[in-house]
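Here the structure comes first, spelled out in structure tokens, and everything after it is commentary.
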There are 2 protein chains.
Amino acid sequence: MARGYMTNGGMDRLDLLRFVPFRLNRLAAEFSNALAADYARFGIDIPEWRVMATLGMHDEPRSANYVVRCTRTHKSRISRAVSQLTELGFVERLESGDDRREIMLQLTPKGREVYEELLPLLRAREEKLLSGLSPAQSSALDDIMLTLERSLGLVSCKK
Amino acid sequence: MARGYMTNGGMDRLDLLRFVPFRLNRLAAEFSNALAADYARFGIDIPEWRVMATLGMHDEPRSANYVVRCTRTHKSRISRAVSQLTELGFVERLESGDDRREIMLQLTPKGREVYEELLPLLRAREEKLLSGLSPAQSSALDDIMLTLERSLGLVSCKK
DNA sequence: ACTTGACGGTTGCGATCGCAACCGTCTATG
DNA sequence: CATAGACGGTTGCGATCGCAACCGTCAAGT
């Protein structure tokens, strides 16, 4: 019998607990929830963290649009996240010389401190969440996500 | 070097694209988005579908609280979803004989029709989303999700 | 140059969500 | 019984989100 499908009673039924989109959603929600406590410690939330994580990967400033493409988050959400991060003094907006539409973003020293402090907490949380998996499973998961990301066109984070 | 961690420049950095919680969230959002078109065809959304899917699994009515536990969705969300489904005529609320706090739910004939019509669409969508995976990967994914669900206590759907 | 459309970013608005307070009912304790 | 607390379900409220409209800037075609 195919995974997730039931044929008892001659009636067509779906086992929700084996329906991948549902399971993925539930797991993602659980993961997000587990990390929320760490974000909250610094007064930020998921979108704000995504901005900081993106900026933290590089030394040079990046545009807001780069963050949008890289994180696949809606631009309005990124815009508001940046506003809050500037209020908190974690990020600053710089005018771009060559294209005055673009707004370049970079972590402030304070923002870099927060980033460096938040990192180990998030890593530990991730590791704990995945601690039930064997090394082979962990590697397989990485592989599977990469395959799915590729087929969904989620891998690009260029420029 | 550990997965997802960068050590260049002596500075502690995180590769967001290899951070599992982020990737999981993104994939789940992409999956949900892909299914949204099918739900919309019948005027419902994810929470409504969860209610219908849960009720569709059984012949006997189930309580709203059962749906809450089974889907791990907040009870206010389920409550509102049920309200909309009753307005649409897909679900009906029955008074419970033995405990008058409980409200038993069941699909109406019309709701059952919609369920039967929606099922193959969602299955096809799921299959397409996973079509990039080899059978071994598909099986491994099921295994991994089950392991994670167990370690997070998400497997119970009793009573 | 002028116009047109594309693009980066912001914001107003309606919809949705989760939290918490609430109501009615059940149950345990005395 | 009487009362207190637990429980199923609903709802008001504040916060958040995505969409679309918008503003200013850039690039291409004439």
Side-chain angles (χ1 to χ4, degrees), chain A residues 25-26 28-30 32-37 39-40 43-51 54-55 61-87 91-106 157-159, chain B residues 25-26 28-30 32-37 39-40 43-51 54-55 61-87 91-106 157-159:
Chain A
N25 238 292
R26 222 174 35 153
E30 214 67 31
S32 292
N33 220 19
L35 298 179
Y39 300 140
I44 65 173
D45 205 343
I46 293 181
E48 286 77 22
W49 162 248
R50 289 185 179 179
V51 173
T54 305
L55 299 180
R62 300 279 156 164
S63 73
N65 197 33
Y66 174 81
V67 178
V68 167
R69 286 196 311 274
C70 197
T71 64
R72 279 242 161 183
T73 307
H74 197 275
K75 60 181 183 174
S76 64
R77 239 168 124 181
I78 295 299
S79 174
R80 288 188 250 253
V82 170
S83 292
Q84 192 187 334
L85 287 171
T86 57
E87 279 183 26
V91 165
E92 53 187 350
R93 306 189 211 229
L94 308 174
E95 292 184 5
S96 172
D98 49 331
D99 187 339
R100 285 169 48 208
R101 290 174 303 179
E102 281 188 340
I103 297 191
M104 303 304 276
L105 305 170
Q106 70 176 1
C157 186
K158 298 176 183 175
K159 198 220 167 187
Chain B
N25 237 291
R26 222 173 36 152
E30 213 68 31
S32 292
N33 220 20
L35 298 179
Y39 300 140
I44 65 174
D45 206 343
I46 292 181
E48 286 78 20
W49 163 248
R50 289 185 179 180
V51 173
T54 305
L55 298 179
R62 301 279 156 163
S63 73
N65 197 31
Y66 174 81
V67 178
V68 166
R69 286 196 310 273
C70 198
T71 64
R72 277 241 161 185
T73 306
H74 197 275
K75 59 180 182 174
S76 64
R77 238 168 126 181
I78 295 298
S79 174
R80 288 188 251 253
V82 170
S83 292
Q84 192 187 334
L85 288 171
T86 57
E87 279 183 24
V91 165
E92 53 186 351
R93 307 189 212 230
L94 309 172
E95 292 184 4
S96 172
D98 49 331
D99 187 339
R100 284 169 49 210
R101 291 174 301 179
E102 281 188 340
I103 297 191
M104 304 303 277
L105 306 170
Q106 69 176 1
C157 186
K158 298 176 183 176
K159 199 218 167 187

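Quick note on labels: first sequence line is chain A, next is B, and so on, each numbered from 1.
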Partner set under side chain to side chain donor-acceptor pair (under 3.5 Å) for [X], not counting sequence neighbours:
| X | value |
| --- | --- |
| B:D99 | B:R101 |
| A:Q84 | none |
| B:S76 | B:H74 |
| A:T73 | A:R50, A:T71 |

### Query
Could you write nucleotides 7-14 of chain D as a row of B, S and -, 5' to 3', where a protein heavy atom under 4.0 Å of any base atom gives B, of only sugar-phosphate atoms gives S, and otherwise -?
BSBBBB--

### Query
Please, which pairs that meet salt bridge (charged side-chain N to carboxylate O under 4.0 Å, His left out) have at least one residue in residues 70-87 of chain A, sequence neighbours excluded?
A:R72-B:E30

